[in-house]
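Encoded as structure tokens, the structure appears first; notes follow it.
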Number of protein chains: 2
Amino acid sequence: MEAVADDDVCTQWSETLRVYHDTSCELENELQARHELGLSEFEVLKILSRRCGDGGGKAKMKDLEAEMYLSQSALSRTVTRLEKDGLVTRATCDFDRRAMFLMLTPSGCERYEAARPTYRTVLERHFGR
Amino acid sequence: MEAVADDDVCTQWSETLRVYHDTSCELENELQARHELGLSEFEVLKILSRRCGDGGGKAKMKDLEAEMYLSQSALSRTVTRLEKDGLVTRATCDFDRRAMFLMLTPSGCERYEAARPTYRTVLERHFGR
DNA sequence: GAAACTTACATGCACGCGCATTGGATGTCA
DNA sequence: TGACATCCAATGCGCGTGCATGTAAGTTTC
């Protein structure tokens, strides 16, 4: 019974790999095609919109980093992209001028809300009932 | 009950993301540090070694591609890397000169066998009992 | 059997990632 | 106060990936 467990971990890993790749590819493609958003970009918007409900969620970079599976540098550039697209604004923090606050712009909020159904649909296709 | 299902798919996806990232990062790091192998490289060796048991498994590129979550171009380059390291050899197929056969070299076989315990250990740490 | 199509693999290219480093701000200790 | 460690974010760099394309070899159609 213990020997069989070896096969199990491989199988579980293969299955995880399959689900991850299928889902992330489709998410990436759909979000890009329909909303001009990468998956990382979307995830940032998602967290920001959760942060402060509606009307401009804000969060520090460090907090975002902790909630995402993205390195500090990758996150920094993702935010740069979002900022360039006008979906997010950076603001220095008064209390700690090393830190940066992020704020969702109205346009960012709008884009996120538009993309959310696409996101859900894809997830439901892969995990749904 | 149906409304809750929406939360479920997100949760399932988050969980998949977490497991995938944690596991693949650790696999990548451990394989690289201990055996100078990337995860993609290892997966190719793994399939090849399964293909024909011991003594030089061989397979066509197309078959490999079908078994991996890797684009055709990425696979081609992965094999180039493996070939450069002497772990694999390319051979043109007599019957179809477009196709390439891949063969595990003794060195490749050895490297794979050495790396396998590392691979298993990591998987067991993440999926085990 | 020649032209049109398809298939297998390699390669140019752009992009996003992680690692390491940098630069500026903050905290600490003597 | 001055020296040093720590922290936050940005950036240089190299790498692996996917997409689009190129090239050569097989297949189909007439």
Side-chain angles (χ1 to χ4, degrees), chain A residues 17 20-33 36-45 48 58-85 88-103, chain B residues 17 20-33 36-45 48 58-85 88-103:
Chain A
L17 220 51
Y20 170 78
H21 268 101
D22 290 353
T23 309
S24 69
C25 284
E26 196 172 331
L27 275 177
E28 195 83 52
N29 293 337
E30 292 280 287
L31 287 174
Q32 192 59 250
E36 294 185 348
L37 284 175
L39 186 47
S40 299
E41 278 91 331
F42 181 85
E43 295 285 348
V44 169
L45 295 184
L48 277 182
K58 62 181 179 180
K60 285 190 291 187
M61 294 284 280
K62 269 296 154 189
D63 297 343
L64 276 184
E65 192 186 335
E67 281 192 57
M68 295 191 60
Y69 299 100
L70 213 50
S71 68
Q72 181 268 320
S73 68
L75 175 59
S76 175
R77 289 184 228 261
T78 301
V79 169
T80 300
R81 263 171 269 142
L82 286 169
E83 197 181 22
K84 201 165 293 176
D85 282 5
V88 140
T89 46
R90 280 189 236 242
T92 54
C93 170
D94 292 337
F95 291 72
D96 184 347
R97 286 192 321 217
R98 292 170 303 182
M100 295 291 283
F101 269 122
L102 287 189
M103 288 186 46
Chain B
L17 220 50
Y20 170 78
H21 268 101
D22 290 353
T23 309
S24 70
C25 284
E26 196 172 331
L27 275 177
E28 195 82 52
N29 292 336
E30 292 280 288
L31 288 174
Q32 191 58 250
E36 292 185 348
L37 283 175
L39 185 47
S40 299
E41 277 93 330
F42 180 85
E43 295 285 349
V44 169
L45 296 184
L48 277 181
K58 62 182 179 180
K60 284 190 293 188
M61 294 284 280
K62 269 296 153 190
D63 297 343
L64 276 184
E65 191 186 336
E67 281 193 56
M68 297 191 59
Y69 298 101
L70 213 49
S71 67
Q72 181 268 319
S73 67
L75 176 60
S76 175
R77 290 182 227 262
T78 301
V79 169
T80 300
R81 263 171 268 141
L82 285 169
E83 196 180 23
K84 201 164 294 176
D85 282 6
V88 141
T89 46
R90 280 189 235 241
T92 54
C93 170
D94 292 338
F95 290 71
D96 183 347
R97 285 194 321 220
R98 294 169 304 180
M100 297 291 282
F101 269 122
L102 288 189
M103 287 185 46

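To find a chain, count down the sequence lines: A is the first, B the second, and so on, and within it residues start at 1.
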Find every protein N or O atom lying less than 3.5 Å from an N or O atom of nucleotides 23-26 of chain C, and list the pairs.
residue: dT26(C); atom: OP1; partner: Arg97(A); partner atom: N; Å: 3.2

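- Distance, Glu36(B) CD to dG16(D) P: 13 Å, rounded to whole Å.
- Residue whose closest nucleotide on DNA chain D sits further toward the 5' end, between Cys25(A) and Lys62(A): Lys62(A).
- Between the base of dG16(C) and the side chain of Arg81(A) there is no donor-acceptor pair shorter than 3.5 Å.
- Smallest separation of non-hydrogen atoms from Gly38(A) and Gln32(A): N-NE2, 3.9 Å.
- Separating the CG atom of Leu64(A) from the C1' atom of dA10(D) is a distance of 16 Å, rounded to the nearest angstrom.
- Side chain of Thr80(A) to backbone of Ser76(A): a donor-acceptor contact under 3.5 angstrom is found.
- Nucleotide dC15(C) holds its C1' atom 14 Å from the CG atom of Leu70(A), rounded to whole Å.
- No N or O donor and acceptor, one from the side chain of Gln72(B) and one from the base of dA8(C), sit under 3.5 Å apart.
- Spacing between atom NZ of Lys84(B) and atom P of dC15(D) amounts to 11 Å, rounded to whole angstrom units.
- The side chain of Met61(A) lies closest to dA9(D), out of dC9(C), dA9(D), dT17(D).
- A straight line from CG of Leu75(B) to C1' of dC9(C) spans 10 Å, rounded to a whole angstrom.
- Around CD of Glu67(B), the count of heavy atoms belonging to other residues, nucleotides or ligands within 6.0 Å exceeds 12.
- When all heavy atoms are compared, the tightest approach of Ala99(B) to Lys60(B) is CB-CD, 4.0 Å.
- If you take CG of Leu39(A) and P of dT17(D), they are 18 Å apart, rounded to a whole angstrom.
- Between Arg90(B) and the phosphate of dA10(C), there is a side-chain N or O to OP1/OP2 separation shorter than 4.0 Å.
- Counting non-hydrogen atoms under 4.0 angstrom, Thr80(B) reaches nothing in the nucleic acid.
- When each of Ser73(A) and Ala74(B) is assigned the nucleotide of DNA chain D bearing its nearest heavy atom, the one mapping closer to the 5' terminus is Ser73(A).
- Ser40(B) has no side-chain polar atom (N or O) that falls below the 4.0 Å cut-off from OP1 or OP2 of dG16(D).
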_Glu65(B) vs Lys62(B), test: side-chain contact (heavy atoms from CB on, under 4.5 Å). Steps then yes/no._
CA-CA 5 Å; Glu65(B) 191 186 336; Lys62(B) 269 296 153 190; 3.1 Å; yes
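- Of the candidates dG18(C), dC8(D), dC9(C), the closest approach to any side-chain atom of Ser71(A) belongs to dG18(C).
- Summarising the local packing, CD of Glu36(A) is surrounded by 12 or fewer heavy atoms from other residues, nucleotides or ligands at distances under 6.0 Å.
- Rounded to a whole Å, the CD atom of Glu65(B) is 11 Å from the C1' atom of dT7(C).
- The minimum heavy-atom distance linking Met61(B) with Leu75(B) is given by the pair O-CD2, 3.6 Å.
- Between the CZ atom of Phe42(A) and the P atom of dG16(C) there is a distance of 18 Å, given to the nearest Å.
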